Each structure stands twice: as C-alpha cells, then as structure tokens.
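Worksheet: the structure to be examined is printed underneath.
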Amino acid sequence: DAKTTQPPSMDCAEGRAANLPCNHSTISGNEYVYWYRQIHSQGPQYIIHGLKNNETNEMASLIITEDRKSSTLILPHATLRDTAVYYCIVRALWSGGGADGLTFGKGTHLIIQP
Amino acid sequence: DGGITQSPKYLFRKEGQNVTLSCEQNLNHDAMYWYRQDPGQGLRLIYYSQIVNDFQKGDIAEGYSVSREKKESFPLTVTSAQKNPTAFYLCASTRTSGGAGGELFFGEGSRLTVL
C-alpha cells in the first residue's frame with residue numbers, strides 16, 4: 001500500500017499559488033519526501049524532495065511539518081501548463097530497490113483554471 | 001543529452017504473443033525500474049534492478065520478465081501469461097550512491113494495446 005495520502009483532485013486559478021497537501025504519518029527517520037508530476041500520457045517528472053527542512057527550487061517549494069507527518073508542495077504562480085497529476089512519495093535516499101516506497105499512489109489531479 | 005529512452009512509443013499485439021519493450025539510459029544509473037499504469041491509476045512496480053545481472057519482482061511481476069545484461073539496458077517482456085497487458089508502461093532509473101538527489105528519472109513511456 002502507498003505510504004502517502006493525497007486528495008484526488010484540486011482546482012486552482014491561474015496566477016494564484018497552488019498548495020498540494022500530502023500526509024505521510026508513518027514516515028521513517030531516514031525517508032525523504034519526493035514530489036513528481038505527470039502530464040497526461042508522459043513520463044513523470046521530478047519536482048523537488050526534502051528531509052525535514054523546507055526546500056525551494058525553480059519549480060516549487062516544499063514545506064514539511066516539524067513532525068514530518070505531512071508536507072505541502074507549493075507552486076507559487078500556477079499556469080495552465082501546471083495542470084497535471086502530482087505524486088507525493090516517501091523513500092529512503094539511495095534505497096536502490098524494493099517495492100516499499102517506490103509505489104506511486106493515484107496522486108492529486110491539479111487543474112489550473114483560466 | 002542524458003536521459004532514458006523507451007521504445008516503441010506505441011505497440012499493438014495480438015493475444016498470445018510475447019512483446020518486448022526497450023529501455024535504455026545513458027545516465028550511468030545503477031538502478032532501473034519498470035512500472036505499469038492503467039487509466040486513472042497510479043504507477044505500480046513490476047520489476048526493478050539495482051545492479052547488472054540482478055533483478056527483483058515488484059508488486060505485479062506475474063506475466064512479465066526482465067533481464068539486465070548491461071548497465072544501460074533493462075528490457076521488459078510482456079508474456080502471453082499476462083492476463084490484461086493493455087497499459088502504459090514506464091521505465092525509470094536512479095543513482096544508488098553518492099551526492100545529492102536520488103530522484104527517479106522516467107522515460108516517456110510505451111503504450112501497449114492488445115487486440
């Protein structure tokens with residue numbers, strides 16, 4: 001079973017910040033939170049990952065709660081091209097294999113409205 | 001540019017036929033993975049390999065086979081034993097040591113349709 005829980009869908013107005021939540025209450029101390037997104041009929045694309053500190057890159061920001069049981073991916077100024085399915089997974093860094101932690105749930109279908 | 005190449009992008013086969021999907025990466029990654037995705041569903045792990053000449057079953061390995069004779073290549077065979085082979089197949093790879101990252105890199109996928 002997936003180790004994360006995400007809402008199945010969300011809407012956001014173009015130009016506004018999109019905040020995508022993820023619950024991972026059973027996360028282990030050595031597991032990172034990774035976010036990917038998948039545009040229809042394409043391979044998923046890596047967005048960002050973090051352990052416990054907040055992270056920011058050119059695509060998004062990742063906010064992880066102090067207890068690490070949940071996180072939020074923030075797209076600061078959503079555009080129509082950000083419409084995609086967003087997946088949150090947890091896995092230990094350098095865990096080269098194992099089904100555990102490398103199974104993607106259904107994710108959140110983010111729809112950006114014009 | 002470095003990346004993962006999957007081929008063919010679209011494939012049709014008749015029932016009872018085996019088909020092999022190609023996955024090649026030039027990222028020098030040790031670990032490679034095969035996922036299956038059905039409409040409206042997440043990704044389910046079929047097989048993975050952490051090193052050449054070694055691979056393990058994922059959650060839904062029945063009806064599939066793989067080989068890892070070279071670091072760059074991880075082909076997936078969908079056999080006639082797979083009951084519902086029509087799906088979107090994704091290959092991915094990642095490093096397993098050193099430095100920052102650890103993210104999975106995905107190919108663009110192969111869509112298999114059984115007629």
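Here the structure is a predicted model, which means the values were calculated and not measured.
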* Side-chain donor or acceptor of B:Ser93 paired with backbone N/O of B:His29 under 3.5 Å -> no
* Structure fact -> So, the part of B:Gln37 with a heavy atom under 4.5 Å from chain A: the answer is side chain
* Got A:Arg68 and A:Leu51 here, is their nearest side-chain heavy-atom distance under 4.5 Å? -> yes
* Contacting moiety of B:Gln56, where chain A heavy atoms sit under 4.5 Å -> neither
* Ring centres under 6.0 angstrom apart (B:Phe74, B:Phe55) -> no
* Structure fact -> The interface call for B:Phe105 against chain A, heavy-atom contacts under 4.5 Å, is neither
* Asked: What part of A:Gln38 is in contact with chain B, defined as an atom under 4.5 angstrom from a non-hydrogen atom: side chain, backbone, both or neither?
  -> side chain
* Given the side-chain rings of A:Phe104 and A:Tyr36, with only the six-membered ring counted for Trp, is the space between their centroids under 6.0 Å? -> yes
